[in-house]
**Q** 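This is the structure I have questions about; it appears just below.
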Amino acid sequence: MTDIHADIDALKEFHDALVRFQYAQRDVADRGDYEIEVTRASLEAKASRWRSQLEQRRAQLDACLYQAAQASAQGYRADCSAYVWAVQEAEERLKHIRRWQQRVEQEAGAFHAIASRFRSLLENDLPRTDSHLLRIINGLEAARRVQTPGS
């Protein structure tokens with residue numbers, strides 16, 4: 001009779017572990033979603049800063065080219081190469097950020113596909129398994145309460 005008590009206790013502990021697993025795994029999937037959103041926001045903030053830098057640097061280059069044209073008309077030479085380099089740097093940084101954004105989107109898509117299937121297991125299959133396990137535990141407890149003849 002003590003074997004059935006130990007079996008029931010083990011099944012109850014397994015049930016408790018299953019419930020903890022379900023909540024922990026939901027949290028893992030949610031944290032994954034959160035980290036993706038944080039990464040997207042961070043990259044967008046960087047892209048916004050570099051777009052602003054690019055605009056500013058292009059305006060500075062345009063101003064330099066205008067001044068160079070005026071200086072040239074007066075027989076002087078103006079060097080705008082530093083502004084050209086600054087514009088190129090901003091364009092390269094922006095391209096680099098866009099490549100990272102694309103990569104994050106690709107990886108996020110893969111994550112969401114897997115996470116969706118995983119959440120389906122957590123939301124559909126695991127509760128059915130949990131219910132089945134509870135029915136087994138209840139059945140064993142009911143059987144334990146039944147007295148055998150001669151006991």
Side-chain angles (χ1 to χ4, degrees), residues 1-68 79-149 151:
M1 194 66 158
T2 57
D3 286 344
I4 198 163
H5 293 294
D7 289 345
I8 292 171
D9 289 341
L11 287 173
K12 285 180 178 179
E13 288 177 26
F14 178 64
H15 173 262
D16 292 342
L18 200 57
V19 170
R20 285 190 308 274
F21 172 81
Q22 183 178 19
Y23 286 112
Q25 295 310 306
R26 280 184 190 147
D27 186 51
V28 167
D30 291 344
R31 279 192 318 236
D33 287 336
Y34 173 77
E35 290 301 324
I36 288 169
E37 291 308 313
V38 166
T39 302
R40 283 175 173 154
S42 173
L43 286 170
E44 184 51 41
K46 287 177 185 178
S48 179
R49 281 192 304 273
W50 278 104
R51 280 191 298 270
S52 177
Q53 283 285 319
L54 181 57
E55 278 183 40
Q56 182 181 9
R57 290 176 182 191
R58 281 182 177 158
Q60 291 169 339
L61 175 59
D62 289 343
C64 182
L65 291 174
Y66 177 76
Q67 290 173 352
D79 182 17
C80 295
S81 60
Y83 294 107
V84 170
W85 179 85
V87 167
Q88 290 172 343
E89 178 195 29
E91 288 171 341
E92 284 302 313
R93 296 271 182 130
L94 202 49
K95 284 180 193 175
H96 184 71
I97 292 167
R98 286 182 183 139
R99 283 193 300 269
W100 271 106
Q101 286 174 317
Q102 289 172 346
R103 183 166 181 196
V104 166
E105 290 307 315
Q106 289 171 345
E107 297 301 325
F111 171 81
H112 286 300
I114 293 168
S116 175
R117 289 192 305 271
F118 188 65
R119 280 189 176 103
S120 177
L121 290 171
L122 290 174
E123 300 301 322
N124 299 315
D125 295 348
L126 201 55
R128 281 193 300 267
T129 302
D130 183 55
S131 294
H132 182 67
L133 182 57
L134 286 175
R135 284 192 303 275
I136 290 171
I137 292 169
N138 291 335
L140 288 172
E141 286 180 328
R144 180 175 61 181
R145 287 189 294 270
V146 172
Q147 295 292 324
T148 57
S151 48

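As the structure is a prediction and not an experimental result, all values here were calculated from the model.
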**Q** Just how far is it from atom CD of E91 to atom CD of E89, taken to the nearest 0.5 Å?
**A**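 If we round to the nearest 0.5 Å, E91:CD and E89:CD are 11.0 Å apart.
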**Q** Which residues satisfy the salt bridge (charged side-chain N to carboxylate O under 4.0 Å, His left out) test with R128, sequence neighbours excluded?
**A** D125
**Q** For residues 79-125, pull every pair meeting disulfide (SG to SG under 2.5 Å), keeping only residues two or more places apart or in separate chains.
**A**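 Listed once each, the pairs are C64-C80.
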**Q** Heavy atoms only: give me the nearest Q22-L126 pair and the separation to one decimal.
**A**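 So the minimum-distance heavy-atom pair works out to CB-CD2, 3.4 Å.
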**Q** Give every donor-acceptor pair under 3.5 Å between a side-chain atom in residues 8-15 and any protein atom, sequence neighbours left out.
**A**
unit_1	atom_1	unit_2	atom_2	d
K12	NZ	E141	OE2	2.5
H15	NE2	D130	OD1	2.5

**Q** Indicate every side-chain donor-acceptor pair of residues 46-56 with a distance under 3.5 Å to a residue at least two apart or in another chain.
**A**
unit_1	atom_1	unit_2	atom_2	d
R51	NH2	E44	OE2	2.6
Q53	OE1	R57	NE	3.3
Q53	OE1	R57	NH2	3.4

**Q** State which residues pass side chain to side chain contact (heavy atoms under 4.5 Å, CB included) with T129; sequence neighbours excluded, sorted by chain then number.
**A**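 Checked T129 against side chain to side chain contact (heavy atoms under 4.5 Å, CB included); matches are L18.
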**Q** For W100, check side chain to side chain donor-acceptor pair (under 3.5 Å) against everything at least two apart and list the hits.
**A** H96
**Q** Who are the side chain to side chain donor-acceptor pair (under 3.5 Å) partners of E105, not counting sequence neighbours?
**A** R40
**Q** List in chain and number order the residues that pass salt bridge (charged side-chain N to carboxylate O under 4.0 Å, His left out) with D27, two or more places apart in sequence or in another chain; answer none if no residue qualifies.
**A** R31
**Q** List, one per line, each side-chain donor-acceptor pair under 3.5 Å for residues 106-123, sequence neighbours excluded.
**A**
unit_1	atom_1	unit_2	atom_2	d
H112	ND1	D33	OD1	3.3
R119	NH1	D33	OD2	3.4
R119	NH2	A29	O	3.2
R119	NH2	D30	OD1	3.1
R119	NH2	D33	OD2	2.6
S120	OG	N124	ND2	3.2
E123	OE1	R26	NH2	3.4
E123	OE2	R26	NE	2.7
E123	OE2	R26	NH2	3.4

**Q** List in chain and number order the residues that pass side chain to side chain donor-acceptor pair (under 3.5 Å) with E92, two or more places apart in sequence or in another chain; answer none if no residue qualifies.
**A** none
**Q** Show every donor-acceptor pair shorter than 3.5 Å between a side-chain atom in residues 131-139 and any protein atom, with sequence neighbours excluded, or say none if there are none.
**A**
unit_1	atom_1	unit_2	atom_2	d
S131	OG	P127	O	3.1
N138	ND2	L134	O	3.2

**Q** Return the set of residues passing salt bridge (charged side-chain N to carboxylate O under 4.0 Å, His left out) with D16 (not counting sequence neighbours), or none when no residue passes.
**A** none
